[in-house]
Amino acid sequence: MRITNAEIAQLLSEIAEYLEMDDVPFKPRAYQKVADAIAALDEEIVEIHKKGGSKAISAIPGVGASIAKTIEEYIQTGRIAQYEELKKKIPVDLRSLTAVEGLGPKKIKKLYKALDIKNLDDLEKAAASGALAKVEGFGSKSVENILKGIEFVKTSGGRLILGNVFPAIEHIKDVLAKVKGVERVDIVGSARRKKETVGDFDLLAMAKDSGPVMNFFVHMDEVVHVHAQGETKASVRIKPGIDVDVRVVARESYGAALLYFTGSKAHNVALRQMAIKKGLKLNEYGLFRMKGGKEEKMIAGDTEEGIYNALGLTYVEPEMREDVGELELAQNHKLPVLVDYDAMKGDMQMHTNWSDGANTIEELAYAAMALGLEYIVITDHTKRLTVANGLDEARLLEHMKAVDAVNAKLKKEGKKFAVLKGSEVDILKDGSLDMSDAVLAKLDVVGASVHSYFNLPREAQTKRIIAAMENPYVDIIFHPTGRVINRRPAYDVDMDAIIEAAKRTKTALEINAFPDRLDLKDEYVRKCVRAGVKLSIGTDAHAVAHLSYLAWGVGQARRGWAERSDIVNAWPVEKMKKMIK
DNA sequence: GCCGTTTTCGGCCCGACTGTTTTCAGTCG
């Protein structure tokens, strides 16, 4: 069983929480910082260790000799003695208990000592029996909130897929923007950074007087519960089970607030530390010059750019704000110029009613044209995927003629738009394809994907995909890792080997833009960019409505620091054809 | 426990809101 970065991060985070329970100063922050860094790491920590031992691990920012040894201990023995000691003292299910809003290490410890509460079930029983309300520091209000928190943890199961819930939050943003006195509303938080999943939504509003907008917000029809309501900040749950926070600030502080509420937390902390070094203080109201421990003068705050510049940095795009090296680049004015959301010229993957799509070739073409695209690649499934009505050689040849017919019609109408002939070919167990080379040779673009044998051993799975890339007609590997967010993990593949083979065979890797796929994920996108492997963004649309998902693919590309030159379909059709095989 | 243009000791981001312990600790982001 492979040890993942996520499980190491979870263990370190729990150690931090245990230390927090005992009021140990500063250590909790050190452990938590490392946990966050490892969770965001784009390399497997096991690999780092294999290459350079605990010394290489301690090269990760925030990791010193001690924590490096702790991680090494886990990699070598599967256990951490320190963690087990701590767990023995207070054997509780920290992961689920801390997921309850309002419960932190201190309260969890108190509940364990007083009522032997170890998990959500114990907690729920104690709340129901009335025992909880008798614990010092807990009252009827706490019990009520804890019960609601438990319910939420049980039903929502954690993070939501951004693309699926975004329309609901955009609606609230639009409604708030219309409240009298509101000058501007922005979606901030991880949604602005285009993280693939979000825990909650944050909105920022600009207004002189916060009263009316706060009042409106907590009384919206969608609101089922108000968690908190103050003068400038409120937090509610809306109907689909999403938590939404809103914060109101004045114009002069709006940039500072945007910066602060967009995060990430690690990026913000790093910025504040830079400010301190310059004798400044950064908070959500602005960047201040300090004198004798007091704010002397606000030197930036109305725009994000002004704050970055005052700190000697170039503006950092929200999708890059994860404290994974972007600040060093900003300091040296060497940030990449990320691919723009409106840079896309084409869509590289979609399905028609010839296989498992809902619409015709023509309907997709007109819809894509309306979205401002210059070309689309039709990539219906092939024969092995019988459940999707996959095309065999004969039907694919027929299908190509149908594409020709649509192009002829568009030309007659004077439209400058191209429909390209493509296919989503199945990669069979041995790495061969379910379509003859003779037919593939007639297509403009060939994408190949894995739809079977998800559980092959790592080596076999890797070999299988590389074999497909070696086929001279395969231009793109579609959804290269097969993961479906919140539903199915990626198949076990050696991504470094895949990326290396992609480079060697000049095969592009897809960023599948479907909101619950976003496959490649951001860290692999970064690796491709670094290696010079080209990327292809496809919506994998199975209906006209899905074509708008392209923006989620671009967001993912930007999170991976991709520039326009890295994305084959950010180029006009002729240039795109040259960039693929 | 980590770190260093204040560098091997002495610091460690900062503010809003809640509930309850009538002055603040705990949690969150």
Taking [atom1] from [X] and [atom2] from [N], how many angstroms apart are they, rounded to a whole number?
X: A/Ile146; N: B/dT18; atom1: CD1; atom2: C1'; answer: 13 Å
X: A/Glu101; N: B/dG26; atom1: CD; atom2: P; answer: 18 Å
X: A/Asn268; N: B/dC14; atom1: CG; atom2: C1'; answer: 10 Å
X: A/Glu231; N: B/dG15; atom1: CD; atom2: P; answer: 17 Å
X: A/Lys141; N: B/dT27; atom1: NZ; atom2: P; answer: 19 Å
X: A/Leu203; N: B/dG29; atom1: CG; atom2: C1'; answer: 15 Å
X: A/Met274; N: B/dC3; atom1: CE; atom2: C1'; answer: 16 Å
X: A/Lys109; N: B/dA25; atom1: NZ; atom2: P; answer: 16 Å

All N/O pairs under 3.5 Å across the protein-nucleotides 9-12 of chain B interface:
unit_1, atom_1, unit_2, atom_2, d
B/dC12, O3', A/Arg29, NH1, 3.4

Short N-O contact, [X] and [Y], less than 4.0 angstrom:
X: A/Lys109; Y: A/Glu20; answer: no
X: A/Glu43; Y: A/Lys51; answer: yes
X: A/Glu284; Y: A/Arg247; answer: yes
X: A/Arg192; Y: A/Glu319; answer: no
X: A/Glu72; Y: A/Lys55; answer: no
X: A/Glu196; Y: A/Lys521; answer: no
X: A/Asp93; Y: A/Lys118; answer: no
X: A/Asp23; Y: A/Lys106; answer: yes
X: A/Arg526; Y: A/Glu523; answer: no
X: A/Glu73; Y: A/Arg79; answer: no
X: A/Glu85; Y: A/Lys89; answer: no

For the side chain of [X], starting at C-beta, report the closest nucleotide among [options].
X: A/Lys106; options: B/dG15, B/dG29, B/dT27; value: B/dT27
X: A/Ala30; options: B/dG29, B/dT20, B/dC2; value: B/dC2
X: A/Ile67; options: B/dG1, B/dT27, B/dA16; value: B/dG1

(request) May I have all residue pairs that pass ring pair (Phe, Tyr, Trp, His ring centres under 6.0 Å) and include part of residues 207-234 of chain A, sequence neighbours excluded? (result) A/His225-A/His227

(request) Please confirm whether the backbone N or O of A/Arg193 pairs with a side-chain atom of A/Ser190, one donor and one acceptor, at under 3.5 Å? (result) no

(message) Tell me which pairs pass salt bridge (charged side-chain N to carboxylate O under 4.0 Å, His left out) where either residue lies in residues 219-242 of chain A, with sequence neighbours left out.
(response) A/Arg237-A/Asp243

Check every strand shown and say whether [X] touches a base, only sugar-phosphate, or nothing at a heavy-atom separation below 4.0 Å.
X: A/Asp200; value: sugar-phosphate
X: A/Ser140; value: sugar-phosphate
X: A/Leu103; value: sugar-phosphate
X: A/Thr232; value: sugar-phosphate
X: A/Lys281; value: sugar-phosphate
X: A/Val34; value: nothing
X: A/Lys27; value: base

[atom1] atoms of [N] and [M], separation to the nearest Å:
N: B/dT21; M: B/dG26; atom1: P; value: 13 Å
N: B/dG19; M: B/dC13; atom1: C1'; value: 25 Å
N: B/dT18; M: B/dT22; atom1: C1'; value: 15 Å
N: B/dG11; M: B/dA16; atom1: P; value: 26 Å
N: B/dC9; M: B/dG15; atom1: C1'; value: 29 Å
N: B/dA25; M: B/dT20; atom1: C1'; value: 10 Å

(message) Should the side chain of A/Tyr260 and the base of B/dG15 be counted as holding a donor-acceptor pair, with the cut-off at 3.5 Å?
(response) no

Are any of [X]'s side-chain N or O atoms less than 4.0 Å away from OP1 or OP2 of [N]?
X: A/Asn145; N: B/dG19; result: yes
X: A/Ser142; N: B/dT20; result: yes
X: A/Lys233; N: B/dA16; result: no
X: A/Ser66; N: B/dG1; result: yes

(message) Show, in sequence, the C-alpha distance, side-chain angles and deciding distance for A/Trp552 and A/Phe514, and conclude whether the ring-ring contact (aromatic ring centres under 6.0 Å, His included) test is met.
(response) CA-CA 7 Å; A/Trp552 300 116; A/Phe514 223 81; over 10 Å; no

(request) Using heavy atoms to find the nearest nucleotide of DNA chain B for A/Tyr31 and A/Val100 separately, return the residue whose nucleotide is more 5′. (result) A/Tyr31

(request) Might you work through the salt bridge (charged side-chain N to carboxylate O under 4.0 Å, His left out) test for A/Glu317 and A/Arg558, ending with a clear yes or no? (result) CA-CA 9 Å; A/Glu317 297 283 359; A/Arg558 287 165 64 87; 3.1 Å; yes

(message) Checking A/His267 against A/Glu326: is there a side-chain donor and acceptor pair closer than 3.5 Å?
(response) yes

(request) Report the base-pairing partner of B/dT8 (Watson-Crick or G-U wobble, both distances below 3.5 angstrom), or none. (result) none

(request) Enumerate the residues from residues 309-335 of chain A whose closest heavy atom to DNA chain B is under 4.0 Å, giving them by residue number; use none for an empty result. (result) none

(request) For DNA chain B, determine which residues of residues 206-230 of chain A have any heavy atom closer than 4.0 angstrom to one of its atoms, and list them numerically. (result) A/Ala228, A/Gln229, A/Gly230

Any protein N or O atoms within reach of nucleotides 21-23 of chain B? Criterion: under 3.5 Å, listing atom names and distances.
none

